[in-house]
Structures are given as C-alpha cells and as structure tokens.
Amino acid sequence: MGCPGGGGVTLPRAIHGKPAWCHGLVDTAFGHPAGGDDLTGLLRPGGFGLRERQAARPAARSPLPAARSPLPGHEARPHLLADGPQFPRVFNATSGALFYAFLTHCEQVFSPALQSLLQAYAKFSGAPLIVNTINNCRRAPKGDLPVLVSEDTVVSQPAKILNFLRRQKYNADYDLSAKQGADTLAYIALLEEKLLPALLHTFWIESENYCSVTKPWFASRIAFPLSLYLPGKMSREALNRILLTKGGPPLYSLTEVEAQIYRDAKECLNLLSKRLGTSQFFFGDTPTTLDAFVFGFLAPIYKVCFPRVQLQEHLKQLPNLCRFCDDILTCYFRLTVSGHSPAGQDTADANLQKLTQLVNKESNLIEKMDDNLRKSPQHPPRKLTTLKLAAGGEESSPMSRLSP
Amino acid sequence: MRIKRDCKKMEQEIHTSFIFSAINILAAEPWPENAALYQQLKEEQILLSDNASSLAVQAFLQMCNLPVRVICRANAEYMSPSGKVPFIHVGNQVVSELGPIVQFVKAKGHSLSDGLDEVQKAEMKAYMELVNNMLLTAELYLQWCDDVTVEEITYPRYGSPYPWPLNRILSYQKQWEVRRKMKAIGWAGKTLEQVLEDVDQCCHALSQRLGTQPYFFNKQPTELDALVFGHLFTILTTQLITDELSEKVKNYSNLTAFCRRIEQQYFEGHEKDSSTTAAHSSKRSLLR
C-alpha cells in the first residue's frame with residue numbers, strides 16, 4: 001500500500017472535491033443529489049448538460065481496443081450517448097483523453113457499496129471520473145463490472161481500479177505512512193469479512209427488505225424477462241455466499257447464521273467507531289482509500305430506508321460514524337451545480353429530477369455478467385429514460401418508499 | 001394469577017442464578033494438566049492451511065503459558081465441533097479454531113490483549129482478519145485449486161490414512177467444498193500469479209506494521225503474533241512444488257526474523273515436547 005511517488009507532481013488535492021481545471025465538468029458529472037438523503041443523489045442524472053459538452057468537444061473520444069469482442073451498441077456509442085440518459089463525458093485536461101467509468105454491478109462485492117466507494121475515492125483523489133450508467137452489462141467492455149475505461153485501458157475490478165487511479169497520479173494516500181497503508185489493507189479486510197455479509201443479508205436476503213425495496217428497485221430498470229429472473233438470482237447468490245463462508249457447523253440454521261453475522265457486523269461497526277474516535281477522517285484531516293471504503297460500506301446502510309433496519313439502528317447509535325458519512329456526503333457529493341435547474345423549481349420538477357436520478361442509480365446497480373446472458377440473444381438498447389419519465393405514476397411509489 | 005406470576009418470576013431468578021453460578025464455575029476452573037490439542041497426522045496427512053492454524057493455536061497457548069499436549073489423529077477434522085482443525089479438549093469442553101479458543105482462554109482468565117487500548121484492539125482484529133482473508137485463503141487456493149499441487153501433494157496426503165477408494169472420495173469431496181467457497185468469494189477466477197501477488201501484498205502490509213518492533217504491539221506478544229507466526233512459519237518451512245510462496249515471505253527480512261524469534265522463545269525451550277520437535281522436523285520434512 002505504499003504510495004507511488006509522484007516525483008514532484010503536485011497532485012490535485014481533493015480537499016473540496018475537485019481540482020479546479022475540471023470544475024465545470026466534474027460538477028455535472030457527479031451531479032447533485034436533490035434530496036441528499038438517499039444514495040440516488042450520488043448519481044449523475046444523465047441528460048443534463050450533455051449536449052452542450054458534446055458540441056464543445058467533438059470527437060476526442062479514443063476508441064476502445066479492438067481486441068475485445070464487439071459489443072452491441074458499442075460502435076454506435078456516440079448515438080447512444082446522445083439519446084440515453086447515461087453518458088456525459090469529462091475530459092482529463094492533462095492528457096486530453098476521456099475517462100469513462102462504467103460503474104455497474106460487480107460480481108463479487110455488493111454494488112452500491114462499491115459504487116459509492118469508487119466514486120468517493122475518485123472524489124478524494126481528484127480524479128475526473130464520469131459515472132456512466134448502463135443497464136445492460138453486456139455493453140461493458142469486459143462484461144465484468146464495475147469497469148473503468150481510460151483511453152486504451154480497461155480495468156475491471158475495484159482494487160485494480162483503485163490501483164490504476166493511483167498510477168495515474170490520483171492518489172488519495174499520498175500522505176500516508178507505510179504503516180497507515182498497512183492499516184488500510186487490514187481494515188478493508190475487516191470490512192469485507194465482518195460487515196459485508198450483514199450488508200448482503202440486509203439488501204438481498206431479509207425478505208421484507210428484499211421484496212419491498214431491493215427487488216422493485218432493480219427490476220424496474222432491467223428489461224422485462226430478465227427483471228423476473230435476475231434479482232432472484234442475485235439474492236440466491238448472496239445467500240449462497242453467506243452460507244458458504246459463515247454457515248458451517250456449529251451454526252446449522254439460517255437464523256443462527258443471521259444472528260452471528262449481525263453480531264459480527266455490529267462488532268465491526270463498534271471497532272470502526274473506536275478507530276475513528278473524534279477525528280474527521282480515519283487518518284487525520286484528509287480522506288484516504290480507507291475512508292472511501294468505509295463510506296462505501298456504511299452509506300448504503302445509513303441512507304437507504306428499509307423496513308427492517310437493525311443494522312441502521314445500530315449505526316445510528318454510533319454518532320461519529322454518522323457524522324463521518326454526513327461529512328463526506330456534504331463535502332464531496334452535494335456540490336452546488338451550475339447549469340442545473342434553478343433553485344426555484346416546483347415540486348413536480350424536483351420529483352422528476354429525483355426520479356431520473358433514482359432511475360439512473362438503479363441502472364448502475366444491475367445485473368451481473370454471466371455466461372448465459374452473454375450467449376442469450378442480444379437485446380436492442382432501450383430508451384428507458386423517456387419511458388421512465390413518462391411513467392411518473394407507478395415510479396413514484398418506490399420513490400416515496402425510498403426517499404425519507 | 002399473581003401466584004402464577006410470582007412462581008414464574010422465581011423460576012426465572014433461580015434459572016439465571018443457576019446459569020450465573022455455572023458460568024462462574026466454568027470460568028473459575030483452572031487450566032487442567034491434561035489439556036489436549038488435536039490435529040491431523042503430522043508427517044503424512046496434514047495440509048498447509050491446517051498446519052498453519054494448528055501452529056497458531058499452539059503458539060498462542062505457549063504465549064499464555066498454558067500447557068497442552070498435541071495429539072495427532074487421522075479423523076481430527078471429523079471430531080472437531082466446527083469441522084475445522086485444530087481443536088482443544090479442556091476438561092469437558094471442546095473448542096475449535098483460534099477465535100473461539102482465544103475467547104475461551106479469556107474466560108478462564110488468561111489474556112494476551114488486555115494491555116491494549118480500544119484502538120489497538122480494533123487494529124489487532126483488523127490485522128487478524130487480513131491474515132485470514134489473504135494468507136489462509138491463499139493457502140487453501142494453493143492446495144485445493146492449483147491442479148499441480150492438488151495432484152502431487154494434496155490428494156496423496158489428505159486421504160492417506162484411508163484405503164482406496166475412500167481416500168479419493170474424501171479428497172474429491174473436500175476439493176469440491178473448497179472450490180465452491182472460492183467461487184462464492186470470487187477467488188475461483190484468480191490465477192496463481194494473482195494469488196501470489198495478494199500474498200505479497202499481505203506480507204508487505206504485515207512487514208510495514210511490524211517495522212522494527214519485536215512484536216506487533218509493543219513488547220508483548222498477542223494473538224495476532226501467534227496467528228502470523230503460525231502462517232508464516234508454515235509457509236517458510238513447507239516444501240511445495242515450487243518455492244514461490246516461501247520466496248514471497250522471505251523477501252521481508254523482519255518477518256523471517258520475527259518467526260525465528262518466536263520459535264526460539266516459545267518452542268525451543270521445550271525440547272521434550274513432541275510439538276516442538278515436530279516444529280523443527282517440519283523444516284526438514286518433505287510434504288510430498
């Protein structure tokens with residue numbers, strides 16, 4: 001976890017979220033959360049400001065390596081970008097290249113956690129990162145998500161994405177000592193071992209949560225036949241993972257396993273709270289990789305409103321962790337954006353905006369790539385934006401459930 | 001009605017006081033002389049990961065100054081309450097795996113981590129998870145998912161106490177279980193190089209954390225030291241198909257010095273004990 005030396009390069013320190021030279025662009029890329037109380041605000045509503053940027057910087061897009069198998073819609077991306085809600089772009093001023101980040105579901109780790117994690121890291125280190133939401137994971141370069149695409153390089157796993165960002169000199173750990181770097185790795189392992197099973201359980205296995213929140217959330221964004229199958233599949237995989245890693249003897253029934261994983265998760269939250277103490281971030285005053293990871297894991301627990309919330313309640317009893325999440329959300333994700341709708345919009349517009357953000361958020365949280373999906377016939381890209389925006393009625397009910 | 005309620009209350013009180021006194025009795029029971037630690041057969045059967053776990057528990061008990069005999073049984077895995085070795089048999093209690101053993105020993109009044117403050121305890125737990133997450137999983141990967149190692153080392157060793165075809169069946173069954181678990185946590189797609197890289201990263205982190213100190217937390221060893229010793233010593237002294245794994249650890253001189261120090265302090269002092277002679281002989285033994 002040593003910091004790669006910048007050799008005198010001054011890294012754009014992300015004290016306030018973004019380096020100056022990509023101010024205007026990153027703003028719109030990171031979007032602004034309308035309510036700020038749910039994770040939908042983390043996402044960039046797709047169509048805003050897209051066209052003017054595209055007009056401003058035409059054709060600087062570098063093609064992705066031809067070695068990958070051609071994906072549907074890949075060649076037509078510029079058109080897709082023009083239509084869909086999904087692909088605002090940002091340009092890295094130093095290299096003139098495009099950074100794309102296709103962030104969608106990752107097969108190993110829970111996706112909202114990952115997504116918040118990667119976005120948080122990008123913000124901390126000042127990397128100009130765009131969140132591209134795709135609802136069809138076959139369009140991702142490797143089919144394995146989340147994926148960071150930069151010029152010719154495609155990086156597909158979160159740890160590798162972080163390493164890649166570091167090598168590109170977007171390093172949030174620049175000031176850390178070697179020992180603190182080692183601590184980061186250890187705490188990340190702790191999070192994955194102790195907190196992740198409970199997170200998976202809350203989202204995917206707890207039946208009330210799953211049926212009332214997670215499943216409609218995901219299913220609403222996936223194409224019809226898959227929406228009946230994929231959420232169930234992800235739920236089964238989460239259960240499988242928990243039972244295989246935690247469910248050996250002497251725990252024989254699911255309730256015992258559940259009790260154990262929630263105990264572990266609460267202990268983990270207590271340990272994090274003790275480690276954080278009263279300081280603002282885990283290592284001093286500037287955020288680092290560990291802060292990104294912890295935020296990534298805590299934010300879904302903290303913000304998403306579930307019917308069964310024992311972990312959230314426990315988290316709320318640890319005021320320093322709540323304060324930590326809130327600080328990051330206010331400093332790094334609630335940017336006042338120029339070029340967005342004016343402050344004095346009426347409630348309908350606000351709801352619409354929230355809705356678009358929610359929908360784009362959902363499209364990030366979707367499916368995992370799987371061989372069956374690759375082999376199945378390709379579906380044409382759907383213009384879901386117009387569909388969703390029109391269907392205000394039925395979408396508002398999950399919306400109201402989700403917004404506090 | 002009131003009588004019923006009173007009776008129930010009394011019953012509960014008696015119940016809780018009984019439990020309380022039982023716990024007190026258990027906790028107050030001193031460590032017996034005949035405590036035993038069970039693992040698989042050392043020379044023929046035990047595998048890398050099990051050896052590491054067993055050595056970690058032995059080191060921990062030595063550090064707590066609690067005597068324990070090491071008994072090797074071919075069916076140790078099946079005797080264990082959680083299916084994992086090692087397990088200890090103390091009085092009429094059977095406890096397996098390092099985590100529960102540490103808690104059990106703590107209930108008996110011996111603890112290595114009492115002197116740590118809250119933040120250090122959090123760090124210790126985090127590092128223990130790191131070792132379990134990376135080192136133990138890498139060992140399991142190497143011995144069950146790497147085809148060459150599986151064919152030449154694991155299959156012959158794992159089922160060695162049993163006749164054909166039972167030895168093959170048990171090996172396949174275990175391999176299937178481990179592969180399922182690897183797939184669930186996402187390690188199935190990793191190549192051996194990636195796994196070795198992870199091991200390197202883990203050792204780097206441990207080396208950074210250890211620095212120039214004798215133990216991970218000041219001058220006193222803790223269960224983290226026992227765990228790290230168990231894994232690193234086993235990796236360093238076990239001969240596999242290639243030496244890549246031990247080379248990764250040997251790159252960090254403070255880790256090898258750490259292992260040597262603990263070995264000298266806690267194992268060489270008990271020459272008569274069979275466990276220490278086994279620890280020595282594993283240096284020279286071939287696991288083939």
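Please read all numbers here as calculations on a predicted model, not as lab measurements. Proteins get letters first, then strands, A, B, ... in listed order; numbering begins at 1 in each.
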Contacts of type side-chain hydrogen bond (donor to acceptor under 3.5 Å, both in side chains), residue A:Ser273, not counting sequence neighbours: A:Asn320
Exercise: identify the closest heavy-atom pair between A:Ala182 and B:Ala205: CB-O, 3.1 Å
Neighbours of chain A found in residues 120-133 of chain B - heavy atoms under 4.5 Å: B:Ala122, B:Glu123, B:Lys125, B:Ala126, B:Tyr127, B:Glu129, B:Leu130, B:Asn133
Rounded distance (nearest 0.5 Å) linking atom CG of A:Leu243 with atom NZ of B:Lys181: 13.0 Å
Max heavy-atom pair count under 4.5 Å with chain B, selected residue of A:Ala189, A:Ala186, A:Cys268: A:Ala186
Within 6.0 Å of NZ in B:Lys106, more than 12 heavy atoms from elsewhere: no
Atom pair CZ/CG of B:Arg209 and A:Leu185 - distance to nearest 0.5 Å: 13.5 Å
B:Ile185 CD1 to A:Leu196 CG distance, which is reported to the nearest 0.5 Å: 11.0 Å
Closest non-hydrogen atom pair between B:Arg180 and A:Leu244, with its separation: NH2-CD2, 2.9 Å
